[in-house]
Amino acid sequence: MAHWGYMTTNGPSTWGKDFPIANGERQSPIDIVTTAAEYDSDVLGSNALSTNYTPESEVKLVNNGHSIMCQITKKGVLTGGPLGKDEYRLEQFHLHWGAEDNRGSEHTVDGKMYASELHLVHWNASKYSSFADAVQKPDGLAVLGIFITPGVACNQFKVISDNCGKLKTSGAEMTVDTTLDPTLLLPSNTSDYWTYLGSLTTPPLFESVTWIVFKEPVEYSKEQLLALRNLVDSDGNHMQDNYRPPAALKQRKVKKTFT
Ligand SMILES: COc1ccc([C@H]2OC(=S)NC2=O)c(OC)c1
Ligand SMILES: [Zn+2]
């Protein structure tokens, strides 16, 4: 089986061959049609979305061949909003981006693509014993999607962008002796978001993700975006355009917490 990727020969339009769920009922990403999203007060309700992350004392970075990932070791909890009382544990974060600023995000908003999209990945620790156990369950994962737009540098992201040069090959790993507070990767407004039931956006495309996509983008500098584009993927090409285009919404509704 040719390994999946983002090239013409092994990209998103070919994934259905080896992963038939690619044409499933709750695939991600999607185009968020803002006028069709439904304001849902009980999503907003008494249990507002809340994060309680512990800063990492060292930063474990991995080039996994498809993205750059930061493996989380401290206890970080996401709960509330569409997650109700369940506590979801922060497992890792990674990104998707384009070769140029006009593309790169996975979710789109009324057809608009951002330059990149940061995914903070959590698993339901109230119901399952590990990420691996939760990854295939319909309520197993919660992913925070944060849009990235070119602008001022994001200080908390510096530890990643400053070290991309040392992670140029697929499988490369490194531990940086510095702290990182995942809370500081979030937009200032974490009350306004869209939420819907979806999936992983790369194979195995499991339909196990409650998506929470923040309305407010975060700014990264041009240099920080360039650092991502200089990474090398598992085929030895520049890791760029590692985003899946939007999938069909099918019978789903997107909810929003703002009017
Ligand atoms: C086995 O673990 C995985 C596999 C794939 C993904 C993809 O799904 C989303 S979302 N982004 C991705 O790159 C993942 O992310 C949570 C975790
Ligand atoms: Zn992702």
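First listed ligand is number 1; within each ligand, the first listed atom is number 1.
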(message) How close do Ala227 and Cys164 get, counting heavy atoms only, and between which atoms?
(response) O-CB, 3.6 Å

Close-contact set for ligand 1 against [X] heavy atoms, below 4.0 Å:
{"X": "His96", "answer": "11 (N), 12 (C), 13 (O)"}
{"X": "Trp211", "answer": "10 (S)"}
{"X": "His119", "answer": "10 (S), 11 (N)"}
{"X": "Phe131", "answer": "2 (O)"}

When the ring planes of [X] and [Y] are compared, do they come out parallel, tilted or perpendicular, using 30° and 60° as the limits?
{"X": "Tyr196", "Y": "His107", "value": "perpendicular"}
{"X": "His122", "Y": "Tyr53", "value": "parallel"}
{"X": "His94", "Y": "His119", "value": "perpendicular"}

(request) Take every heavy atom of Thr202, measure it against each atom of ligand 1, and state whether any distance is under 4.0 Å. (result) yes

(message) Between the Zn ion (ligand 2) and His119, which N, O or S atom of the residue is the nearest one?
(response) ND1

(request) Measuring from the Zn ion (ligand 2), name the closest N, O or S atom belonging to His94. (result) NE2

(message) Just to be sure I'm reading this right: ignoring hydrogens, which of Thr201, Val121, Asn64 gets closest to atom 16 (C) of ligand 1? Compare them by their nearest heavy atoms.
(response) Val121

(request) Return the option from Glu106, His94, His66, Gln92 holding the heavy atom at the smallest distance from atom 13 (O) of ligand 1. (result) His94

(request) Provide, to 0.1 Å, the distance between atom 14 (C) of ligand 1 and the closest protein heavy atom, together with that atom's residue and name. (result) Leu200 CD2, 3.9 Å

(message) Between Lys222 and Asp101, does any side-chain N to carboxylate O distance fall below 4.0 Å?
(response) yes

(message) I want to know whether Phe157 and Tyr220 have ring centres closer than 6.0 Å.
(response) yes

(request) Calculate, to the nearest 0.5 Å, the distance between atoms CZ and CZ belonging to Arg26 and Phe206 respectively. (result) 12.5 Å

